[in-house]
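Working notes, beginning with the structure itself.
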Amino acid sequence: MVDRLANSEANTRRISIVENCFGAAGQPLTIPGRVLIGEGVLTKLCRKKPKARQFFLFNDILVYGNIVIQKKKYNKQHIIPLENVTIDSIQDEGDLRNGWLIKTPTKSFAVYAATATEKSEWMNHINKCVSDLLSKSGKTPSNEHAAVWVPDSEATVCMRCQKAKFTPVNRRHHCRKCGFVVCGPCSEKRFLLPSQSSKPVRICDFCYDLLSTGEMTTCQSTRSDSYSQSPKSPLNDVSDDDEDEDSSD
């Protein structure tokens with residue numbers, strides 16, 4: 001089905017519409033063999049709070065951006081190669097339902113669909129696209145992925161020392177290795193994580209010690225792959241407090 005659509009006029013027209021919605025700031029999306037599988041609005045769990053984002057699933061990439069005018073204008077385009085993607089379902093918790101993790105070596109995050117049916121369709125289509133890509137390329141699925149950042153709201157105290165309370169002066173930081181929300185004194189170290197940045201990035205002392213001694217497996221096992229698994233507290237070069245993708249996330 002995908003192969004038949006690859007060179008169809010309808011597919012070319014649909015991709016052109018997506019390109020136009022992102023405008024000059026977006027990357028060109030039309031290449032031979034690329035097919036637009038589907039699109040829709042998903043709620044992305046950002047650093048500060050959940051936010052609606054427009055997602056486009058192609059047979060080789062996943063594209064998303066901020067909604068400026070629904071179906072007419074989007075900005076802050078992000079392109080994720082599907083061959084590096086793995087996805088995991090998330091259990092429903094409170095108002096956050098029908099979610100799953102999108103994990104890649106450079107960035108990982110949680111998204112939520114409006115219904116269980118929509119979630120199932122998204123996950124099935126993504127898995128099918130990834131499977132087809134890996135089958136054609138002969139590559140194996142990626143077993144490395146960036147940590148999913150625990151949202152700021154999930155931590156009122158440092159998740160490592162469990163002592164430092166966060167205030168407008170004592171700011172939150174995120175460890176780029178485990179995704180935990182930590183205080184400044186617990187995350188003064190930097191370590192080179194090549195899949196995430198060309199320069200050393202902030203990590204917590206716990207992960208730094210494990211990485212420095214080569215205990216990578218141990219460090220990875222402590223990562224919070226879902227914010228819902230994190231402990232509830234009495235709850236380019238990435239700068240210390242940059243949002244995970246833009247000033248609003």
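The basis for the numbers below is simple: all heavy atoms, side chains too, and nothing from hydrogens, waters or symmetry mates. By convention here, the first residue in the shown sequence is residue 1.
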Review point. Checking side chain to side chain contact (heavy atoms under 4.5 Å, CB included) for the pair Val85/Leu62: CA distance, chi angles, key distance, verdict?
Key: CA-CA 9 Å; Val85 168; Leu62 182 66; 5.7 Å; no
Review point. Got a sec: does the CG of Asn124 have more than 12 other heavy atoms crowding it under 6.0 Å?
Key: yes
**Study point:** Under 3.5 Å: donor-acceptor pair, side chain of Arg172, backbone of Asp152
**Key:** yes
Check your understanding: Rounded to the nearest 0.5 Å, how far apart are NE2 of His173 and CZ of Arg202?
Key -> 4.5 Å
Check your understanding: Which residues satisfy the side-chain contact (heavy atoms from CB on, under 4.5 Å) test with Ser195, sequence neighbours excluded?
Key -> Pro105, Glu144
Check your understanding: Between CG of Leu192 and NZ of Lys199, what distance do you get to the nearest 0.5 Å?
Key -> 11.5 Å
Review point. Thr12 side chain to Ser8 main-chain N or O, any donor-acceptor pair under 3.5 Å?
Key: yes
Practice item. Just say parallel, tilted or perpendicular for the rings of His174 and Trp149, cut-offs at 30° and 60°. Key: parallel
Point to revise | SG on Cys204 to CD on Glu188, rounded to 0.5 Å | key: 12.5 Å
Review point. Quick one: does Asn98's side chain have a donor or acceptor within less than 3.5 Å of a partner on Asp92's backbone?
Key: no
Revision key, fill the gap. Separation between SG (Cys158) and NZ (Lys163), nearest 0.5 Å, reads 10.5 Å
Check your understanding: Is Cys178 close to Phe206 at the side-chain level, that is, under 4.5 Å between some pair of heavy atoms?
Key -> no
**Study point:** Pair Val148-Leu101, side chain to side chain contact (heavy atoms under 4.5 Å, CB included): steps then yes or no
**Key:** CA-CA 8 Å; Val148 178; Leu101 298 177; 4.0 Å; yes
Practice item. Quick one: list whatever passes side-chain contact (heavy atoms from CB on, under 4.5 Å) with Thr167, sequence neighbours left out. Key: Val169, Asn170
Exercise for review: Could you tell me which residues satisfy side-chain contact (heavy atoms from CB on, under 4.5 Å) with Thr117, sequence neighbours excluded, listed by chain and number?
Suggested key: Thr115, Glu121
Check your understanding: Any chance the rings of Phe55 and Tyr74 have centres within less than 6.0 Å?
Key -> no
Review point. With hydrophobic residues grouped by side-chain heavy-atom distances under 4.5 Å, do Ile79 and Val68 end up in a single group?
Key: no
Check your understanding: Hey, does Lys44 have a side-chain heavy atom less than 4.5 Å from the side chain of Lys51?
Key -> no
Review point. Is the closest basic N to carboxylate O distance between Lys128 and Asp132 below 4.0 Å?
Key: yes
Practice item. Under the side-chain contact (heavy atoms from CB on, under 4.5 Å) rule, collect the residues that match up with Asp60, sequence neighbours excluded. Key: Ile31, Arg34, Phe58, Leu133
Study note, to complete from the structure: d(Thr106 OG1, Leu193 CG) to nearest 0.5 Å is 12.0 Å
Check your understanding: Looking at Arg160 and Asp205, does any basic side-chain N land under 4.0 Å from a carboxylate oxygen?
Key -> no
Check your understanding: Quick check: does any side chain N or O of Arg171 sit under 3.5 Å from a backbone N or O of Gly184, one acting as donor and the other as acceptor?
Key -> no
Revision key, fill the gap. d(Thr86 OG1, Trp100 CH2) to nearest 0.5 Å is 14.0 Å
Review point. In chain order, what residues pass the side-chain hydrogen bond (donor to acceptor under 3.5 Å, both in side chains) check against Gln77, with sequence neighbours excluded?
Key: none
Check your understanding: Can you check whether Leu36's main-chain N or O pairs, donor with acceptor, with Asn11's side chain at less than 3.5 Å?
Key -> yes
Review point. Are any side-chain N or O atoms of Gln196 and backbone N or O atoms of Arg176, one a donor and one an acceptor, separated by less than 3.5 Å?
Key: yes
Exercise for review: Could you go through the side chain to side chain contact (heavy atoms under 4.5 Å, CB included) check for Lys177 and Leu211 one step at a time?
Suggested key: CA-CA 9 Å; Lys177 186 60 180 175; Leu211 288 166; 4.1 Å; yes
Check your understanding: Counting only N and O atoms by type, is there a donor-acceptor contact under 3.5 Å from the side chain of Lys119 to the main-chain atoms of Gly99?
Key -> yes
Exercise for review: Say whether Glu19 and Gln27, considering side chains only, have a donor N or O and an acceptor N or O under 3.5 Å apart.
Suggested key: no
Exercise for review: Using a 4.5 Å cut-off on heavy atoms from C-beta on, say whether the side chain of Val111 contacts that of Leu45.
Suggested key: no
Review point. Just by distance, do the side chain of Ser212 and the backbone of Asp209 share a donor-acceptor pair under 3.5 Å?
Key: no
Point to revise | Partner residues of Asn127 under the side-chain hydrogen bond (donor to acceptor under 3.5 Å, both in side chains) criterion, sequence neighbours left out | key: none
Exercise for review: Carefully, step by step, assess Ser187 and Cys175 under the rule side chain to side chain contact (heavy atoms under 4.5 Å, CB included).
Suggested key: CA-CA 7 Å; Ser187 59; Cys175 172; 5.9 Å; no
Review point. Hey, are Lys48 and Ser153 close enough side-chain-wise for a donor-acceptor pair under 3.5 Å?
Key: no
